[in-house]
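Heavy atoms only: backbone and side chains are in, while hydrogens, waters and symmetry mates are out. Order of the sequence lines sets the chain letters (A, B, ...), proteins ahead of strands, with each chain counted from 1.
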Amino acid sequence: MLTVHDLSRIANEARVNRFRQFLAVLILIGAPATVAVAQERPAADQILHNWYRMVLELVRHTPTYSPPVASRAFAYLGVIAYEAAAGGADLVSLSGQLNGFEPGPVRETGAAYDEAIIMQAAMAFAVRNFFGNTGPTGQRAMKAMEAQLSQVSAAGVPDAIAARSVEFGEAIGAHVLDWSQDDGGAVVENMGFPFDHALNSRPGAWAPTSLVAQQQAPLLPRWGENRSFAMPTGASCPLPAPPAYSEKAGSDFHAEALEVYETAKTLTPEQATIARFWSDDPMLSPTPPGHWISIAMDILQDRKADAGERADLLARLGVAMADAFIGCWHAKYEFDLIRPVTYIRRVIDPNWQPILITPPFPEYPSGHSTQSGAAAAVLTAHFGEDFAFEDATHVDEGFDPRRFSDFWAAAEEAAMSRLYGGIHFRAAIERGLDQGRCIGAHATALKTVQ
Amino acid sequence: MVFVLSIALFTGVASAHAQAIPSFVEETDASGIDSVFEGEWEFMVGGGVAVFDCSGDGFPDVFLAGGSAPARFYRNASEAGGELRFEKARSGAEFDEVAGAYPLDIDGDGVTDLVLLRVGENVVLRGLGDCRFERANEDWGFEGGDAWSTAFAATWERDAIFPTLAIGNYVDRNEQMFPWGSCTENWLHRPAAGERRFDAPLPLTPSHCALSMLFTDWNRSGTPALRVSNDREYYKGGQEQLWHVRAGEAPALYTPEEGWQRLRIWGMGIASYDLGFDGYPDYFLTSMADNKLQRLVPPEAGEMLPRYDDIAFAKGVTAHRPYTGGEIQPSTAWHAQFEDVNNDGLADLFIAKGNVWEMPDFARKDPNNLLIQKPDGTFGEAGDTAGVASMLTGRGAALVDFNLDGLVDLVVVNRHDRAQIWRNTSEDAGRWVQMKLEQDGPNRDAVGAWIEVRRGDVTMRREATSGGGHVSGQTGWWHFGLGDRDEAEIRVIWPDGAEGDWTRVAADGFYVLARDTEPVAWKPNGR
């Protein structure tokens, strides 16, 4: 009979082999069938895919990476991947299209480059720099992946080509990193919670919702002032004001709160599942932008998309969601609205408890709604209307995959999940989706194909 | 036994002694202790200390984990009331790859044994007397496994003649690129039926990268449950846990239907104490940034459910960022322990702090906390004024009266730096009483008992546990501050539920509390 230690040993051996399997899959998927030597090397698309797998973990395990901060990293990583792939895929550079992004390094005319090595060097540089603050396990993982992918991507490539390609890939990374430094989001202290934030005392203003000392000030109150990527500024997709604050029964505001309260009381198991599926809590998930990146990655992988297509989509998606958080945060601190938990306990039921933990920042509009709207706009533009797909982002957490008829169906579910979860009113959800649609249009307007 | 949660909380503090400001003097250099918790990634957690008297002189001796370096044992050579002095000695426990250690009289022979939590095979060591130990894995049927062991708790299940050991394991150390979600199985080493040896361990699945475990009778049912604090950095789908561990039954998780509420933190250490004087333990859970202090919510009717309010913010023990040193990033907390350091009759809270490993988003210079309980039940920071605000990278720790002067001293294990030891030199501290439990049978030290001390109209209680903290444990004297009382009434509720008689004892004394006998006063030999 096997003891628990035998089982553990077997499990350990299985895990030790996991990377070998990962490499084998990577090689099979990435290898051009006609080139014998290339069968031992991953192509650029699989290098990109695997770095993004790593990034989805690092986002979760780097404590400063709240959703806005994560979205910023996804944008810059996407741009780096895109610029790395552009030269080999006849794509137009995003320089001159994204705010403040100047033309970067160019390839030597007539010199040979290796696309996989460029992508590897660029992504290794990107992850090393945009996740430099991650913990010791993330550092160890990054180093291990960089070492392994650098080795396999360079196998059989002449030294001069490899060196030139590495230099070019890293130069792209450095160019984008340099651009990123003055966007307003490069330095995040105390996990984004300011030390000297004065709370608004007007009725209906946001008030702290948790007993976490760090969260007595709201998250990243100046994030909306950051330089945006594809849209002109954080104010480019404005929203109408939310319903006027009132504690009177029958008022629009009270009615919105009552809807949240009554919905929570009669929550169906399916609604509870939806709330938790889209909860995407920072430090416990890849965050909301990571959720949409995960969706895109799965589809791209299923379609065996090439590096150019992957980079194009990941750049647009990253840019759209980063802009969504800038625009959303701009509006959040313009309206500085109270959360349902505060209002309902004050006016309706002092003992009310939503099923989700209320995020520590103002309510209107809903960040998940805005960024889901932006993501749906980009994904729909890329894959088309009525593109059905399966979302398996949280399988590791024990959730069954969810199927959607199209990206807007998913975005609408993500948005409504915040009402089911008791953390947003309907206006923040519906107008957040509208705002996301507006912001996403700026990303879809980027010119990439020559 | 019925405990009434509505006992007036302020009853407990109204008669407390005027609070002395605690002060500690670091005596590391002169103490003779020179131990560093070494090692790279596989020792970013861990760094424990075990404190126990193996020489029989009543003075607590010290075993310090060394990580990749061999562990070290130090015999206590302090004078009663004097400066802290230790002598390094060969004990047979100087294993390498030790993350933490807990003392426990496993075989019930009256000699303390040791459980070594290691990166690799865990080892149980039989105490031979005079601070010598020998490997007992084979003799006791203990399968040490091959994991990264980071948590421990022990109990004696009903009528058992050998203990049940819970061992928590961390992430799969063989996973380099994608270790997240690879938490390895925790183990429950139960005794083989009717034998004085362990059966093959049971997996405690799901396992979520435990960094602290504690068998605790949270609802005073008479059967301790297993509380597990898990590190959310590595689990997927995980949370904090509470296990039913009932004799003769498979362990089973408390469920939401039983009242368990999901909590997900970077769980690193558990400390417990009945702070509310309501008969039930409160639990302090260390984490990164905010820490948690949980108090049982009394049900409006029916049976007690494991529902807790987080009262850390209200009580002033979130300890979420450095209070001195100028760093603005959040803190990282490890070992926590409640002890009354100024003997005012109110348990205080020590928290060892230290960056995981060059994480710039968290404080690099992260001072330990010493939170002094005030008469209103809130706590105030005194780590800096008391002199224990070390900026080294703290991990495990123990608050123990090393020189038997009635004042609780402190030892802290530091990663990549020397362990530090402080002598409590508080002036104007209150009076105190310390006691050691003894009973016949297998559970000699009465693990699972409750010690009660009446101080006027206040009844202070603490559970005699084995486990918790951050890979650090201790046996021996249980300490209570008495404020200005010159005597106290004490009694023990033994692990089988038998209630000892209340007995009056004089303050400022040590007492051996053996079952069914009067307390026996004990004094340290002069030396």
Side-chain angles (χ1 to χ4, degrees), chain A residues 1-9 11-13 15-19 22 50 53-54 57-58 60-65 132-145 147-149 188-191 193 195 210-216 281 283-285 357 394-399, chain B residues 40-41 44 121 143-147 169 171-182 184-185 187-189 200-206 232-238 264 266 288-292 309-314 316-321 328-330 356-362:
Chain A
M1 185 179 127
L2 293 174
T3 70
V4 67
H5 295 303
D6 294 325
L7 294 171
S8 293
R9 201 159 35 246
N12 282 344
E13 286 164 2
R15 291 185 188 109
V16 169
N17 287 327
R18 207 179 285 169
F19 178 67
F22 143 73
N50 281 289
R53 282 182 62 209
M54 175 66 70
E57 294 289 353
L58 294 175
R60 172 179 179 154
H61 297 287
T62 307
T64 289
Y65 278 64
N133 283 10
T134 198
T137 300
Q139 300 285 355
R140 181 174 180 261
M142 281 192 291
K143 284 176 187 160
M145 179 166 274
Q148 295 280 5
L149 289 183
V188 176
E189 291 182 331
N190 195 35
M191 298 167 73
F193 297 98
F195 296 107
S210 83
L211 295 177
V212 175
Q214 191 185 38
Q215 298 177 2
Q216 299 309 297
D281 299 317
M283 293 169 275
L284 290 161
S285 78
I357 296 170
H394 295 312
V395 167
D396 282 356
E397 299 285 343
F399 285 96
Chain B
E40 301 305 310
W41 183 73
M44 65 182 170
E121 182 195 37
E143 293 183 26
D146 178 15
N169 293 316
V171 68
D172 180 351
R173 65 191 194 278
N174 297 312
E175 281 283 3
Q176 285 209 20
M177 267 190 273
F178 291 97
W180 304 283
S182 72
T184 54
E185 288 172 342
W187 300 320
L188 193 67
H189 298 260
L202 296 171
L204 276 172
T205 50
R232 75 183 191 185
E233 179 73 9
Y234 295 104
Y235 58 64
K236 290 188 173 177
R264 297 174 292 179
W266 290 286
M288 300 172 79
D290 277 58
N291 300 281
K292 304 292 182 190
D309 281 337
D310 177 13
I311 59 171
F313 188 73
V317 293
T318 53
H320 56 287
R321 53 178 291 228
I328 59 173
Q329 303 286 33
V356 176
W357 198 11
E358 297 177 357
M359 285 183 74
D361 289 339
F362 286 82

Which portion of [X] sits near chain B, non-hydrogen atoms under 4.5 angstrom:
X	value
A:Q216	side chain
A:L211	both
A:M142	neither
A:F399	neither

note = From the list B:M359, B:K292, B:Q176, B:M44, the residue making the most non-hydrogen contacts under 4.5 Å with chain A is B:Q176
ask   = Counting heavy-atom pairs under 4.5 Å to chain A, which of B:N291, B:V356, B:T318, B:I328 comes out on top?
value =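 Looking at each of B:N291, B:V356, B:T318, B:I328 in turn, B:I328 comes out on top.
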message = Within this structure, what is the OG1-CD distance for the pair A:T64 and B:Q329, rounded to the nearest 0.5 Å?
response =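 If we round to the nearest 0.5 Å, A:T64:OG1 and B:Q329:CD are 6.5 Å apart.
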request  = Quick one: which of A:G398, A:G135, A:P63, A:G132 has the most heavy-atom pairs under 4.5 Å with chain B, could you say?
outcome  = A:P63
message = For chain B, which candidate among A:V188, A:T62, A:V212, A:D281 shows the most heavy-atom pairs at distances under 4.5 Å?
response = A:V212
ask   = Less than 4.5 Å apart, any side-chain heavy atom of A:H394 and any of B:K236?
value =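 When only atoms from C-beta onward are counted, B:K236 and A:H394 do not touch, as no gap falls below 4.5 Å.
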query = Can you check whether B:F178 reaches A:E57 side chain to side chain, under 4.5 Å on heavy atoms?
reply = yes
inquiry  = Below 30° counts as parallel, above 60° as perpendicular, anything between as tilted: where do the rings of B:Y234 and A:H61 land?
reply    = parallel
inquiry  = When you measure from the side chain of B:D309 to the backbone of B:I311, do you find a donor-acceptor pair of N or O atoms at a distance under 3.5 Å?
reply    = no
Side-chain donor or acceptor of B:D172 paired with backbone N/O of B:T184 under 3.5 Å =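 It does not hold such a pair.
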key: Residue part contacting chain A, namely of B:P330, when any heavy atom lies under 4.5 Å   =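 When you check distances to chain A, atoms from both the backbone and side chain of B:P330 fall under 4.5 Å.
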message = Under 4.5 Å from any heavy atom of chain A, what part of B:W41 do you find: side chain, backbone, both or neither?
response = side chain
ask   = Is the number of heavy atoms from other residues, nucleotides or ligands under 6.0 Å of A:I357 CD1 greater than 12?
value = no
